[in-house]
Amino acid sequence: MNKSTDQGNRKRILTIIKLVPTGRVATYGQIAHLAGLPNNARQVGSILKSFSGPNIPWFRIVNSKGEISQRRNESSQSMQRDILEGEGVRFTESNRVDLSQYLWKPC
DNA sequence: AAGGTGACTTTTC
DNA sequence: TGAAAAGCCACCT
């Protein structure tokens with residue numbers, strides 16, 4: 001495996017994220033799995049942290065509990081929730097989304 | 001080069 | 001049910 005492979009993984013992950021439709025969410029692990037990196041959920045978060053480009057619906061990625069992951073700078077967290085609610089995603093009283101309802105199921 | 005870190009997940013109690 | 005621990009792996013010091 002060479003250097004270009006790693007960058008290819010990054011590109012693959014971003015490509016998958018772009019496929020998540022409006023009003024739906026996906027988990028870090030799910031994205032990693034679809035990108036062919038089954039045990040690299042953490043890397044998905046790592047990439048989203050460093051790369052915030054256009055056309056990347058980063059806000060549709062939540063953790064396995066259906067909640068918005070905690071981060072150093074919490075400014076983007078409230079923004080993430082606002083955007084999702086704007087797309088019709090409802091949050092429970094425990095600040096989680098119902099994955100059985102909103103989780104993206106690729107066909 | 002070796003050890004710490006983190007926008008995670010799964011298992012264990 | 002839920003908190004805590006263990007597992008994981010690319011990145012950064």
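Residue numbering restarts at 1 for every chain, and letters A, B, ... go by the order of the sequence lines. The model shown is predicted, which means the values in this text are computed figures rather than measured ones.
Here CG of A/L34 is found 10.5 Å from CD1 of A/I17. Values are rounded to the nearest 0.5 Å. Between the OH atom in A/Y102 and the CG atom in A/L84 there is a gap of 10.0 Å [rounded to 0.5 Å].
What separates CD1 of A/I31 from P of C/dC8 is a distance of 22 Å, to the nearest Å. Straight-line distance from the CG atom of A/L84 to the P atom of B/dA7: 18 Å, rounded to whole Å. The CZ atom of A/R72 sits 8 Å away from the C1' atom of B/dT5 (whole-angstrom rounding). Computed from coordinates, the A/I61 CD1 to B/dC8 C1' distance equals 13 Å when rounded to whole Å. Between the NZ atom of A/K65 and the P atom of C/dT1 there is a distance of 15 Å, given to the nearest Å. Summarising the geometry, the separation between CD on A/Q70 and P on B/dC8 is reported as 10 Å, rounded to the nearest angstrom. Look at CD1 on A/I68: it is 12 Å from P on B/dC8, rounded to the nearest Å. The CD1 atom of A/I47 sits 11 Å away from the P atom of C/dC12 (whole-angstrom rounding).
Of all heavy-atom pairs between A/P21 and A/W104, the closest is CD-CD1, 3.3 Å.
Judged by distance alone, with hydrogens and angles left aside, the side-chain atoms of A/Q80 form a donor-acceptor pair with the main-chain N or O of A/F59 at under 3.5 Å.
Across all strands, A/S50 comes closer than 4.0 Å to no nucleic acid atom at all (heavy-atom distances).
Between A/N63 and B/dC8 there is no side-chain N or O to OP1 or OP2 distance below 4.0 Å. Phosphate proximity of B/dT9 to A/S64: present, with a side-chain N or O under 4.0 Å from OP1 or OP2.
Between A/S46 and A/R42, the one whose closest nucleotide on DNA chain C sits nearer the 5' end is A/R42. Between A/R96 and A/Q43, it is A/R96 whose nearest contact on DNA chain C lies nearer the 5' terminus.
With distances taken from any side-chain atom of A/A41 to the nucleotides C/dC9, B/dC8, B/dA7, the minimum falls on B/dC8. Here B/dA7 is the nucleotide among C/dA10, B/dT9, B/dA7 with the atom lying nearest to any side-chain atom of A/S69.
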Decide yes or no on side chain to side chain contact (heavy atoms under 4.5 Å, CB included) for A/T22 and A/R60, but give the supporting numbers first.
CA-CA 8 Å; A/T22 303; A/R60 296 205 258 258; 3.8 Å; yes

